[in-house]
**Q** 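One structure, pasted below without further comment.
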Amino acid sequence: MNIGYYSASTPITALSPKRFQRAVDFLQQEGVKLTAGCLTGKQDDYRSGSIFERAQEINQLIHNNQVEIIMATIGGTNTNSVLPYIDYAYLKQHPKTFVGYSDATALLLAVKTQVPQCRVLYGPAFGSVIWRMAAICRDDVALF
């Protein structure tokens, strides 16, 4: 399994690098391959990058044939601004699973309405709770 992660809003990978690293360590211990979005570790004030940079990060993960699951690192307040720039046409030909909660719900809903063959899971964000719930997450990881 390969999880690609992105920060479409709050730059949690830059703001809380230790918490982020715990999530990386936990998933790698479980045998999960990880693909970092291009904005990992970056910050542009209250967000991870410009609208176009954040959309590009998601689209790069969509276009990466190794990535099976695309997971938000955390929520925030402005994921909705990237929605017009997501490559839904490519995603229709190469559906993926999207996971996130909070602000990432905007992307989950857009993907599900534009590309019904994609799976969307309202679930843990990469950088927030996944490593804290190790026993539960082990069961969830097995379901993917």
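The model shown is predicted, which means the values in this text are computed figures rather than measured ones. Reckoned from all heavy atoms, side chains included, excluding hydrogens, waters and symmetry mates.
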**Q** For a side chain to side chain contact (heavy atoms under 4.5 Å, CB included) check, start with the C-alpha distance between L107 and L83, then their side-chain angles and the critical distance, and finish with the verdict.
**A** CA-CA 7 Å; L107 181 62; L83 300 181; 3.9 Å; yes
**Q** Checking side chain to side chain donor-acceptor pair (under 3.5 Å) for the pair T35/N2: CA distance, chi angles, key distance, verdict?
**A** CA-CA 7 Å; T35 300; N2 188 315; 2.9 Å; yes
**Q** Kindly indicate whether the side chain of N80, heavy atoms from C-beta on, has any atom under 4.5 Å from the side chain of N78.
**A**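 Yes; the side chains approach each other to less than 4.5 Å.
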**Q** Roughly how far, to the nearest 0.5 Å, is the CD atom of E53 from the CD1 atom of I58?
**A** 12.5 Å
**Q** What I'd like to find out is whether the side chain of R119 reaches to under 4.5 Å of the side chain of P95, using heavy atoms alone.
**A**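 In short, these two side chains do not touch, never coming nearer than 4.5 Å.
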**Q** Quick one: salt bridge (Lys or Arg N to Asp or Glu O under 4.0 Å) pairs with a partner in residues 41-50, sequence neighbours left out?
**A**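 Salt bridge (Lys or Arg N to Asp or Glu O under 4.0 Å) check on residues 41-50 returns D44-R47.
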**Q** Indicate the atoms forming the closest heavy-atom contact of S7 with T73, along with that distance.
**A**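 Nearest pair, atom of S7 first, then T73: OG-OG1, 2.7 Å.
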**Q** Answer yes or no: are there more than 12 heavy-atom neighbours, outside K112 itself, under 6.0 Å from its atom NZ?
**A** yes
**Q** From N59 CG over to N64 CG, what is the distance, rounded to the nearest 0.5 angstrom?
**A**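 Result: 12.5 Å between the selected atoms.
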**Q** Could you give the distance from CD1 (I74) to OG (S102), rounded to the nearest 0.5 Å?
**A**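 The CD1 atom of I74 sits 8.0 Å away from the OG atom of S102.
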**Q** Any side-chain to backbone donor/acceptor pair from Q117 onto K92? Under 3.5 Å, distance only.
**A**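 Looks like yes, one N/O pair under 3.5 Å.
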**Q** Under a 4.5 Å cut-off applied to non-hydrogen side-chain atoms, are T105 and Y122 in contact?
**A** yes
**Q** Quick check: do V99 and I69 have side-chain heavy atoms less than 4.5 Å from each other?
**A** yes
**Q** I'd like to know if the side chain of T113 and the backbone of L109 have a donor-acceptor N/O pair within less than 3.5 Å.
**A**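 Looks like yes, one N/O pair under 3.5 Å.
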**Q** When you compare the side chain of Q43 with that of S48, does any pair of heavy atoms fall below 4.5 Å?
**A**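 No; the side chains remain at least 4.5 Å from each other.
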**Q** What heavy-atom pair brings V82 and A55 nearest, and what distance separates the two atoms?
**A**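 Answer, listing the atom of V82 first, then A55: CG1-N, 3.8 Å.
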**Q** Hey, are the side chains of D87 and H63 touching, using non-hydrogen atoms and a 4.5 Å cut-off?
**A**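 Touching, per the 4.5 Å side-chain cut-off.
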**Q** I'd like to know if the side chain of Q21 pairs up with that of D25 as donor and acceptor (distance under 3.5 Å, no hydrogens or angles considered).
**A**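 The criterion, which ignores hydrogens and geometry beyond distance, is satisfied for D25 and Q21.
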**Q** Keeping the roles fixed (side chain from K96, backbone from L91), state whether a donor-acceptor pair exists under 3.5 Å.
**A**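 Answer holds: no.
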**Q** What's the shortest heavy-atom distance between Y101 and P124, and which atoms?
**A** CD2-C, 4.1 Å
**Q** Indicate yes or no: at least one non-hydrogen side-chain atom of R54 is less than 4.5 angstrom from one of L39.
**A** yes
**Q** Side chains of S9 and T79: do they bring a donor and an acceptor to under 3.5 Å?
**A**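 No.
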**Q** Between I12 and R19, is there a side-chain heavy-atom distance shorter than 4.5 Å?
**A** yes
**Q** So, do Y6 and F98 have ring centers that fall under 6.0 Å from each other?
**A** no
**Q** Write down the atom of Y5, the atom of L34, and the distance for their closest heavy-atom approach.
**A** CE2-CB, 4.0 Å
**Q** How long is the straight-line distance from CD of Q56 back to CD1 of I86, given to the nearest 0.5 Å?
**A**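 I86 atom CD1 to Q56 atom CD measures 11.0 Å (nearest 0.5 Å).
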**Q** I'd like to check the side chain to side chain contact (heavy atoms under 4.5 Å, CB included) partners of N65; sequence neighbours left out, ordered by chain and number.
**A** Y90, H94
